Amino acid sequence: MRVSVIGCGHLGIPHAAAMAELGHEVIGVDVDQAKVDRLNAGECPIYESGLPELLARHTQSGRLRFTTDMREAASFAELHFIGVGTPIDADGRSYDTGQVYGAIRQLAPHLNRACTIVGKSTVTVGTTAQVTALAQRLAPAGEEVDVVWNPEFLREGHAVEDTLRPDRLIAGLTTIEAEKAIRAVYAPILDAGVPIFVTDPQTAELAKGAANTFLGLKISYINLVADMCEAAGGDISQIVNILGVDPRIGSGGMRPGIGYGGGCLPKDVRAFTASARQLGAHQAAALLRAAEEINEGRTMVALGLITRALGDRPIKGARVTVWGAAFKPGTNDVRESPALALAQAVQQAGAIVTIHDPQAVATAMVRNPELDYTDDLAGSLDGAELVVLATEWPEYRQADPQALVDRPANPLLVDCRTTLDPEPWRATGWAVHQLGRPGK
């Protein structure tokens with residue numbers, strides 16, 4: 001098929017490259033000419049595992065190109081993916097869907113024949129109906145323009161894999177023609193056995209919020225249990241294993257730490273909480289708000305652990321190295337990063353902070369220019385009095401503690417992601433402190 005992908009960011013670029021990988025002819029659309037030029041040259045402006053190679057392969061093959069011209073995309077494609085951003089609104093509780101409606105207003109007047117618009121962006125329930133009415137009113141093709149909501153469930157750092165081999169597809173639609181179009185564009189994925197849930201649009205819209213919010217609840221729950229372990233002297237890692245074997249629960253998403261972040265979970269939990277209130281589901285809203293409050297408090301919990309790990313030494317004036325700036329490994333995205341929030345809190349407490357990250361130093365410097373950064377992992381420890389593991393990159397999990405033990409002034413490590421096996425570190429002279437786990 002000929003498809004367009006409107007919006008070239010963390011969602012749109014991987015989706016466009018993946019559609020080309022599936023065999024479609026793809027045109028990506030963005031308002032930023034400099035970004036479009038980079039993309040057409042095969043240069044990837046974001047970091048995602050496997051994405052630079054996929055982008056380069058298909059810009060060279062001719063299956064994938066980018067433009068700023070919406071008229072060109074409308075003329076070229078029979079199916080249009082909308083992958084623009086929906087950041088949290090000024091009220092802090094709902095989605096700003098201005099880019100979604102802006103994309104429709106730019107695209108629809110050029111739609112002269114039957115086609116399908118497929119929304120990928122995360123939106124408030126009821127948006128599909130409003131987008132459909134707007135598109136059909138503005139498009140010369142009128143009611144021959146179908147709108148489907150097909151929410152993405154990408155994990156940043158795994159966006160290519162999750163697009164090409166998702167665990168499920170959801171299509172919220174109202175016509176047989178729209179279902180045919182969805183089944184055609186995703187045919188290679190469906191032929192591989194991936195299940196598809198064909199629903200009404202409002203179910204599809206709610207499903208995305210429900211999935212991300214449940215993950216947020218799960219993360220907040222295991223973090224409050226980690227706090228109980230901290231108080232009682234229990235071991236959160238063993239509790240995770242005990243809970244994880246229960247098929248009703250599972251261990252996925254149950255790593256205690258400094259909370260969730262990024263461009264999806266925080267805003268989705270906030271917006272889903274607001275939707276619950278608007279729908280009159282007040283008990284649901286109270287439960288969801290409690291999960292938010294737990295997540296918001298994780299920075300201070302971690303700061304407390306750092307302070308205790310320092311013992312008699314004051315945090316003011318201490319030289320602290322923070323490993324990690326991205327909100328999770330596999331991406332350079334620092335939006336609402338718990339690692340950066342913690343680094344900022346440590347600095348505000350008076351410490352001298354240096355941050356290392358394998359991929360996100362450049363993006364972190366833009367967001368938090370007041371902090372100091374380095375690209376040298378071993379050198380980041382020189383003179384440090386304490387090391388904080390804040391993002392669970394494999395570079396940190398697989399680091400050789402023996403090779404690093406002589407670098408810090410005092411080999412003291414606070415693992416705020418509960419991701420390390422502490423014993424090899426302790427065996428080489430490191431004092432290791434972890435959230436929810438006893439011992440040094």
Side-chain angles (χ1 to χ4, degrees), residues 1-46 48 50-86 99-121 131 135 138-141 144-150 152 154 159-160 163-164 169 171 177-178 180-189:
M1 295 178 71
R2 288 186 166 190
V3 305
S4 77
V5 178
I6 298 167
C8 296
H10 285 276
L11 167 58
I13 300 172
H15 194 75
M19 290 301 101
E21 180 75 1
L22 293 178
H24 301 300
E25 294 181 64
V26 185
I27 185 168
V29 185
D30 199 272
V31 297
D32 185 339
Q33 184 65 58
K35 181 192 288 186
V36 165
D37 291 343
R38 287 187 65 189
L39 289 166
N40 278 325
E43 298 176 12
C44 194
I46 62 173
E48 271 286 341
L51 180 58
E53 298 82 359
L54 202 63
L55 179 69
R57 180 158 70 247
H58 290 299
T59 51
Q60 290 171 11
S61 74
R63 273 192 201 161
L64 176 59
R65 60 192 172 89
F66 297 87
T67 184
T68 58
D69 187 347
M70 193 71 80
R71 187 190 300 269
E72 181 184 4
S75 174
F76 172 83
E78 56 196 295
L79 185 146
H80 305 276
F81 287 105
I82 306 294
V84 296
T86 51
Q99 293 182 56
V100 172
Y101 289 102
I104 296 298
R105 289 184 181 279
Q106 292 178 51
L107 173 68
H110 306 299
L111 299 178
N112 298 308
R113 65 184 189 278
C115 64
T116 305
I117 296 173
V118 182
K120 300 293 295 180
S121 308
V131 167
L138 296 179
E144 289 187 298
V145 175
D146 282 315
V147 178
V148 179
W149 222 261
N150 168 225
E152 50 82 18
L154 306 184
V160 171
T163 304
L164 292 173
L169 292 170
E177 290 76 14
K180 288 179 180 177
I182 284 291
R183 290 187 180 277
V185 77
Y186 287 125
I189 293 173

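On a predicted model such as this, the values are computed, not experimentally measured, just so you know.
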> Got a sec, which pairs hit salt bridge (charged side-chain N to carboxylate O under 4.0 Å, His left out) with one end in residues 104-118, sequence neighbours left out?
Replying inline: none
>> Return the CG to CD1 distance between Leu22 and Ile189, rounded to the nearest 0.5 Å.
In response: 5.0 Å
>> Using the rule given for side-chain contact (heavy atoms from CB on, under 4.5 Å), can you reason through Val185 versus Met19, listing the C-alpha separation, both sets of side-chain angles and the distance that settles it, and then say yes or no?
In response: CA-CA 8 Å; Val185 77; Met19 290 301 101; 4.3 Å; yes
>> So which atom in Thr163 and which in Leu154 form the shortest heavy-atom distance, rounded to 0.1 Å?
In response: OG1-CD2, 3.4 Å
> What closest approach, in Å, do Cys115 and His80 show between heavy atoms, and which atom pair accounts for it?
Replying inline: SG-CD2, 4.1 Å
> Rounded to the nearest 0.5 Å, how far apart are OG of Ser4 and CG of Leu107?
Replying inline: 6.5 Å
> About how many Å separate CG of Leu64 and CD1 of Ile27, when rounded to the nearest 0.5 Å?
Replying inline: 9.5 Å
> Does the pair His110 and Ser75 meet the rule for a side-chain contact (heavy atoms from CB on, under 4.5 Å), with working shown?
Replying inline: CA-CA 7 Å; His110 306 299; Ser75 174; over 6 Å; no
> Which residue pairs satisfy the side chain to side chain donor-acceptor pair (under 3.5 Å) criterion with at least one member in residues 16-32, sequence neighbours excluded?
Replying inline: Glu21-Arg57, Glu21-His58
> What distance do Leu169 atom CG and Tyr186 atom OH have between them, rounded to the nearest 0.5 Å?
Replying inline: 6.0 Å
> Can you list every pair that meets salt bridge (charged side-chain N to carboxylate O under 4.0 Å, His left out) and has a residue in residues 66-79, with sequence neighbours left out?
Replying inline: Arg65-Glu72
> Does Glu48 use its side chain to pair, donor to acceptor, with the backbone of Ala159 at less than 3.5 Å?
Replying inline: yes
> Could you give the distance from CG (Asn150) to CD1 (Ile182), rounded to the nearest 0.5 Å?
Replying inline: 5.0 Å
> Val100 and Val84: which non-hydrogen atoms are nearest, and at how many Å?
Replying inline: N-CG2, 3.6 Å
> Can you tell if the side chain of Phe81 reaches within under 4.5 Å of the side chain of Ile117, non-hydrogen atoms only?
Replying inline: no
> For Trp149 and Ser121, which heavy atoms make the closest approach, and how far apart are they?
Replying inline: NE1-O, 2.8 Å
>> Walk me through whether Thr116 and Val148 qualify under side-chain contact (heavy atoms from CB on, under 4.5 Å).
In response: CA-CA 7 Å; Thr116 305; Val148 179; 3.8 Å; yes
> Considering residues at least two apart in sequence or located in another chain, which fulfil the side chain to side chain donor-acceptor pair (under 3.5 Å) criterion with Thr86?
Replying inline: Lys267
>> For a quick test of reading the model, state the closest non-hydrogen atom pair linking Gly50 to Val160 and the distance between them.
In response: C-CG2, 4.4 Å
> For Pro140 and Asn112, which heavy atoms make the closest approach, and how far apart are they?
Replying inline: CG-OD1, 3.3 Å
Under 3.5 Å, side-chain donor or acceptor atoms of residues 5-15 against the rest of the protein: list the pairs with distances, not counting sequence neighbours.
none

> Got a sec, which residues hit side chain to side chain contact (heavy atoms under 4.5 Å, CB included) with Ala56, two or more places apart in sequence or on another chain?
Replying inline: Gln60
> Side chains of Thr68 and Val29: closer than 4.5 Å at any heavy-atom pair?
Replying inline: no
